[in-house]
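Numbering of ligands and ligand atoms starts at 1, following listing order.
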Amino acid sequence: MAWVVGLTGGIGSGKSAASAWFESQGITVIDADVVAREVVQKGQPALAQIHQAFGDWVLQDDGELDRRALREHIFKSPEARQTLERITHPAIRQSIIQQLSQAQSPYAILVSPLLFETNQHELTQRTLLIDASEELQIQRASQRDGQNAMQIQKIIAAQMPRAQKQQSADDIVLNDGHLDHLYQHLAPLHERYLRLAKHPDT
Ligand code: ADP
């Protein structure tokens with residue numbers, strides 16, 4: 001198993017930008033959002049379980065998951081959300097563990113917007129929070145996704161509060177300047193992670 005850094009942050013905080021930088025340094029990055037989509041693809045056991053739990057309407061004509069229909073359904077029913085998460089969370093976790101075990105770089109990164117919320121931090125040796133003010137989060141995410149500030153604010157409200165993430169994380173990088181500024185803060189952390197991965201007891 002690789003030595004793993006869990007990288008998290010709210011929407012628009014700069015997780016993807018930070019992950020891309022680590023990847024450019026040769027570090028394997030596993031993205032929990034990507035894994036979450038992979039485990040419900042056609043042919044995956046989790047999709048069969050979802051089909052069984054909810055019925056035919058969750059599948060499109062081509063047999064793929066009808067994400068929009070399912071999203072609307074669980075939005076209205078907390079019970080349905082629980083059912084869905086009982087199926088997907090273990091599948092996501094299993095797949096993350098498998099992908100981490102295959103990582104070949106000196107250490108690996110697990111990037112997840114819900115690292116603490118879904119206890120995925122248990123799969124990591126250290127956690128890094130990419131932090132930004134709510135104002136910046138809204139500005140960046142709305143520019144990126146073309147969503148309005150209200151929609152972004154709703155997503156922020158559903159995520160763990162910033163202060164709580166700051167409390168939980170081992171390392172914090174405040175991403176409030178240019179991208180170069182972000183990279184300058186990541187470089188010494190990368191050096192430290194290389195050392196820690198080699199000598200976990202130091
Ligand atoms: P997350 O993955 O946390 O949702 P992203 O890394 O996608 O956030 O960043 C959100 C948007 O803001 C992206 O378009 C990204 O390129 C941009 N961005 C991130 N950090 C900075 C920064 N320091 N300066 C300028 N733009 C940034």
Item to check | Full working for side chain to side chain contact (heavy atoms under 4.5 Å, CB included) between Trp3 and Lys198 | outcome: CA-CA 9 Å; Trp3 196 83; Lys198 229 179 186 169; over 6 Å; no

Checklist entry - Taking atom CD of Gln159 and atom OG of Ser13, what is their separation to the nearest 0.5 Å? => result 8.0 Å

Item to check | Any donor-acceptor pair under 3.5 Å from Lys15 side chain to Gly9 backbone | outcome: yes

Next on the checklist: When you measure from the side chain of Thr124 to the backbone of Thr127, do you find a donor-acceptor pair of N or O atoms at a distance under 3.5 Å?
Outcome noted: no

Checklist entry - Under a strict 4.0 Å criterion on non-hydrogen atoms, which protein residues are in contact with ligand 1? => result Gly10, Ile11, Gly12, Ser13, Gly14, Lys15, Ser16, Ala17, Arg140, Arg144, Asn175, Gly177, His178, Leu179

Checklist outcome for this item: Here the pair of heavy atoms bringing Ala197 nearest to Tyr107 is CB-CB, 3.9 Å

Next on the checklist: Walk me through whether Phe116 and Thr8 qualify under side chain to side chain contact (heavy atoms under 4.5 Å, CB included).
Outcome noted: CA-CA 8 Å; Phe116 297 117; Thr8 194; 3.7 Å; yes

